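If you're wondering where the values come from, they're calculated on a predicted model, not measured in any experiment.
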Amino acid sequence: MNAPDLIDKPYAVSERIAPLVRRVLARNPSPFTYTGTQTYIVGDAAEVAVIDPGPADDEHIEAILHAVGSARVVAIACTHTHRDHSPAAAPLKARTGAPIIGCAALTLDDDGPRADAAFDADYRPDRVLADGETISGDGWTLEAVATPGHTSNHLCFALVETGAVFTGDHVMGWSTSVVSPPDGDMTAYLESLSKLYERQQDTIYFPAHGPAVEKPRQLVRGMIGHRRQRERQILKQIAAGHQSIGQMVPLMYKGVDERLWPAAGRSVLAHLIDLERRSLVKREEEDWTLVAPNS
Ligand SMILES: [Zn+2]
């Protein structure tokens, strides 16, 4: 994956990227985090919010505090609790006194082969936002948009004043989202994509990784199409007698770096669970079979 080398990596500095929005990039690049986690600071005046504080890395935390300056941090808001998103919340709270407000806590050992996607078991929110609840400061309002799927506790945050949406790991322009059972849920993920698609007021997405998305609904529609296409591929594989995930992945991901196959296998499993719920397939140990329409 060489694309990250082509764009700027301004680690540990704050950049203005849109009205009311600044960004600080954490130095945790990887094949799964692209150039690193992007922490967003919302608000230009006396009160700000910090979205996805990122990994508990001293350089990154100092850069966030420098960007905040003398403003009051009204909320430290996390989209979800993968370890590349929320661990800096506690040290930032200790340094600023700000409350941690946003997604619910969730503890699972790990949700798959993606090393940095282990959950942050130490995350302790002061307030959990339900879908549609808001937090605000002078000149800005953030609305929680519940978007389970990548994780069960995932929230996006919509900046009401400008139509920007902070999409966390739910929708990213550079990569599809990892949906890895048991916590990752393809049924929920697809519903959460449709939910964003229906929001006509959104003007731009700021994902936690990778560049901003300037035609958000077009991207979401493409992502829904991509997942439906994967689903058809899986049904075809089963029909052709390739009934285990181990058989399907090398055929479906031919030409893709083999190191990504374990993650691809999690995604195929997520699709199969969704298809099973819809009574289109059934499982017998490692093998999956099609359910005849009338059986
Ligand atoms: Zn994540």
Side-chain angles (χ1 to χ4, degrees), residues 1-80 82 84-89 91-93 95-96 98 102 116 135-142 155-175 202-216 219:
M1 207 170 292
N2 58 7
D5 299 332
L6 302 175
I7 70 165
D8 242 358
K9 285 174 277 188
Y11 295 117
V13 294
S14 151
E15 298 170 284
R16 153 130 349 249
I17 56 167
L20 293 171
V21 182
R22 287 172 288 160
R23 171 188 93 141
V24 180
L25 178 63
R27 200 185 297 271
N28 62 338
S30 78
F32 293 105
T33 59
Y34 201 60
T35 54
T37 302
Q38 301 177 109
T39 296
Y40 294 104
I41 297 169
V42 174
D44 285 333
E47 295 175 329
V48 298
V50 175
I51 295 179
D52 276 348
D57 167 79
D58 287 342
E59 176 195 55
H60 186 58
I61 291 168
E62 291 304 325
I64 294 168
L65 288 168
H66 185 77
V68 166
S70 60
R72 184 169 76 91
V73 181
V74 174
I76 301 164
C78 299
T79 59
H80 65 300
H82 276 151
D84 52 327
H85 292 258
S86 57
L92 263 185
K93 177 181 170 176
R95 296 281 293 274
T96 61
D116 52 327
I135 43 179
S136 55
D138 51 354
W140 57 266
T141 310
L142 289 170
L155 298 178
C156 294
F157 297 104
L159 178 55
V160 174
E161 285 75 9
T162 68
V165 181
F166 302 92
T167 51
D169 283 1
H170 176 53
V171 175
M172 301 176 282
W174 74 284
S175 166
D202 299 341
T203 54
I204 190 166
Y205 289 168
F206 294 118
H209 311 282
V213 176
E214 288 178 6
K215 291 191 174 152
L219 178 71

Is there a donor-acceptor pair under 3.5 Å between the side chain of D52 and the backbone N or O of G168? no
Over all heavy atoms of both residues, which pair between P55 and A88 is shortest? Give the atoms and the distance, please.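 Closest pair (atom of P55, atom of A88, distance): O-CB, 3.5 Å.
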Kindly give the heavy-atom pair with the smallest separation between V42 and W140, and that separation in Å. O-NE1, 3.8 Å
I need the Y40 OH to I64 CD1 distance, nearest 0.5 Å. 12.5 Å
Kindly give the heavy-atom pair with the smallest separation between G36 and N28, and that separation in Å.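 Reported closest heavy-atom pair: CA-OD1, 3.0 Å.
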Return yes if some donor-acceptor pair links the side-chain N/O of R16 with the main-chain N/O of A18 below 3.5 Å, else return no. yes
Nearest-0.5 Å distance that lies between atom CG in D169 and atom SG in C156: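 D169 CG to C156 SG: 10.0 Å, rounded to 0.5 Å.
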Of all heavy-atom pairs linking H80 and S86, the shortest is O-CB, 3.9 Å
For E214, does the CD atom sit with more than 12 other heavy atoms under 6.0 Å from it, leaving out its own atoms?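 No, not enclosed.
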Taking the side chain as every heavy atom from C-beta outward, state whether T96 and V68 have any atom pair closer than 4.5 Å.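 Result no, sub-4.5 Å side-chain heavy-atom pair not found.
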Do you know the tightest heavy-atom contact between G102 and L155?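 Smallest heavy-atom distance, with atoms named: C-CD1, 3.5 Å.
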Please tell me if the side chains of P211 and Y34 come closer than 4.5 Å, counting only heavy atoms from C-beta onward.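 Yes, their side chains come closer than 4.5 Å.
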Which atom pair, heavy atoms only, marks the closest approach of A63 to V13?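 Nearest heavy atoms, A63 then V13: CB-N, 4.4 Å.
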Counting only N and O atoms by type, is there a donor-acceptor contact under 3.5 Å from the side chain of T37 to the main-chain atoms of G54? no
Side chain of R22, backbone of A67: donor and acceptor closer than 3.5 Å?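 Checking the backbone N and O of A67 against the side chain of R22, a donor-acceptor pair under 3.5 Å is found.
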Rounded to the nearest 0.5 Å, what separation is found between the CD atom of E47 and the CD1 atom of I135? 11.5 Å
CG of L92 to CG of L65: how many Å apart, nearest 0.5 Å? 5.5 Å
Measure the CD-CZ distance between Q38 and F166 for me, rounded to the nearest 0.5 Å. 11.0 Å
Hey, which of I41, I76, L142 is the one that makes side-chain contact (heavy atoms from CB on, under 4.5 Å) with I51?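 That would be L142; it is the only one of I41, I76, L142 passing the side-chain contact (heavy atoms from CB on, under 4.5 Å) with I51.
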So, applying side chain to side chain donor-acceptor pair (under 3.5 Å) with H209, which one of T33, T35, D84 is it? D84
Let me know which of H85, H60, R23 forms a side chain to side chain donor-acceptor pair (under 3.5 Å) with T39.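 Output: one option passes, namely H60.
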